[in-house]
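Just so you know, residue 1 is the first one in the sequence shown, and it goes up from there. Any value given below was found using the heavy atoms of this structure, including those in side chains, with hydrogens, waters and symmetry copies removed.
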Amino acid sequence: MEAAITILALFLVAFVALGVYATVKAVGAAKRGVDRTITQARRTVEDTTLRAKSFGQTGVAGELAQLRLALRTSMRATQDALHAGVAEDASLAESVALFRRLSEHGLELDDELKRLEREPDRATVAGLLPKLRERTQRITHSAESLRWAARDRARQFADDDLDALNAQIDIEAGALRHWTVEEPSQASGAGAPASTPGHGPGTDWPEPAASADPSAGNSSTADQAWSGSAREESPQAITAPDPRLRTTYPWQKSGRPETTN
């Protein structure tokens, strides 16, 4: 009885622990989903604001907004391309690691540009713009190189797969059209000079003459063609030997004459 109670208590504790674990996992997933949604919403708002500033403002503020927008757009596109490609091609893991290092420089530059947007000394900011523009171009160029290299690699694999598939389809199509291989030989046979009746392909004997030929040579030739060697080897009729022509040997007994009583 005590053993049964102990087993039931263990099962209850296991069920409670499993329920707590499932609840924690669900809460964590929901929290990550909410954080992801908030991050995407904040990013969308920032991109929209930067786009509005780049088109609506001129001078230092507008150029800073353009640099930030170009940097964020390039880095986000490269990140999406690499994450989508690494799921199918494990060799892109090294590229993802390099992009993470590049992202650190990109985030640092984005934070610096964001701080300079609130800087009241516009003359100083204008003096820093050439270096900031050069850094932005270097980072975006590296990001674009990774992105296009990953896309070219995926496209090359797709082209190789398509070439192999086309080759297999050509082989299968040729196998399905195997009768076309025999057509040229049939066509060449049709183009050859017409043979005499009875001497066509697959015929081993000539046809007999349709009308009677008075010449004996043609008749004998036709008979030989039909009968062949079988006529020559036909058995001869059996003729009884003449007893008078028999050869008599000394050791043979002469037949006794028949007597009548």
Side-chain angles (χ1 to χ4, degrees), residues 25-26 28-51 54-55 63 65-114 131-191:
K25 294 292 289 184
K31 183 179 180 181
R32 287 192 298 272
V34 172
D35 294 341
R36 190 181 303 110
T37 302
I38 294 175
T39 303
Q40 291 178 356
R42 185 184 297 113
R43 184 183 304 163
T44 302
V45 172
E46 290 180 357
D47 291 344
T48 304
T49 303
L50 290 174
R51 192 171 289 107
S54 63
F55 288 107
E63 191 165 357
Q66 291 178 3
L67 292 178
R68 287 192 65 195
L69 183 61
L71 177 64
R72 292 165 66 90
T73 303
S74 179
M75 297 297 288
R76 188 177 301 116
T78 304
Q79 180 180 5
D80 294 341
L82 292 178
H83 286 175
V86 75
E88 300 178 357
D89 188 2
S91 60
L92 293 178
E94 184 66 22
S95 300
V96 173
L98 293 175
F99 177 73
R100 288 174 182 171
R101 296 174 56 186
L102 183 64
S103 298
E104 296 177 359
H105 296 276
L107 292 174
E108 181 180 355
L109 177 60
D110 185 65
D111 293 339
E112 185 176 355
L113 292 173
K114 189 175 182 180
K131 293 183 178 180
L132 294 174
R133 190 182 301 111
E134 182 183 358
R135 288 179 59 189
T136 304
Q137 291 178 355
R138 290 177 60 186
I139 294 175
T140 54
H141 177 71
S142 298
E144 290 173 357
S145 298
L146 286 175
R147 181 172 69 251
W148 285 109
R151 290 177 178 176
D152 292 342
R153 181 180 178 86
R155 188 181 302 110
Q156 182 64 35
F157 285 163
D159 292 341
D160 293 343
D161 190 18
L162 182 59
D163 292 341
L165 180 60
N166 289 335
Q168 294 178 0
I169 290 175
D170 292 341
I171 294 174
E172 182 64 20
L176 293 176
R177 294 191 182 97
H178 66 280
W179 69 86
T180 58
V181 179
E182 301 176 358
E183 289 182 359
S185 61
Q186 294 178 0
S188 62

With sequence neighbours excluded, what pairs up with [X] under the side chain to side chain contact (heavy atoms under 4.5 Å, CB included) test?
{"X": "Asp89", "value": "Ser91, Leu92, Arg153, Phe157"}
{"X": "Ala70", "value": "none"}
{"X": "Gln66", "value": "Ser54"}

(request) Apply salt bridge (charged side-chain N to carboxylate O under 4.0 Å, His left out) to Arg138 and list each qualifying residue two or more places apart in sequence or on a separate chain. (result) none

(message) Going by side chain to side chain donor-acceptor pair (under 3.5 Å), name the pairs with one or both residues in residues 164-176, residues two or more places apart or in two chains.
(response) none

(request) Keeping to residues at least two apart or across chains, list the side chain to side chain donor-acceptor pair (under 3.5 Å) pairs with something in residues 92-108. (result) none

(request) From the options Thr140, Leu113, Leu109, select the one residue that forms a side-chain contact (heavy atoms from CB on, under 4.5 Å) with Leu67. (result) Leu113

(request) Side-chain contact test, heavy atoms from C-beta onward, threshold under 4.5 Å: evaluate it for Ile139 versus Met75 and give yes or no. (result) yes

(request) Please determine if Asp111 and Lys114 form a salt bridge, counting it only when a charged side-chain N lies under 4.0 Å from a carboxylate O. (result) no

If I take atom [atom1] from residue [X] and atom [atom2] from residue [Y], how far apart are they, to the nearest 0.5 angstrom?
{"X": "Ile169", "Y": "Leu162", "atom1": "CD1", "atom2": "CG", "value": "8.0 Å"}
{"X": "Thr78", "Y": "His83", "atom1": "OG1", "atom2": "NE2", "value": "10.5 Å"}
{"X": "Leu102", "Y": "Leu107", "atom1": "CG", "atom2": "CG", "value": "9.5 Å"}

(request) Tell me, with the steps shown, if Asp80 and Arg147 meet side-chain contact (heavy atoms from CB on, under 4.5 Å). (result) CA-CA 9 Å; Asp80 294 341; Arg147 181 172 69 251; over 6 Å; no

(request) Dump the intermediate steps for side chain to side chain donor-acceptor pair (under 3.5 Å) on Asp152 and Gln156, then the final yes or no. (result) CA-CA 6 Å; Asp152 292 342; Gln156 182 64 35; over 6 Å; no

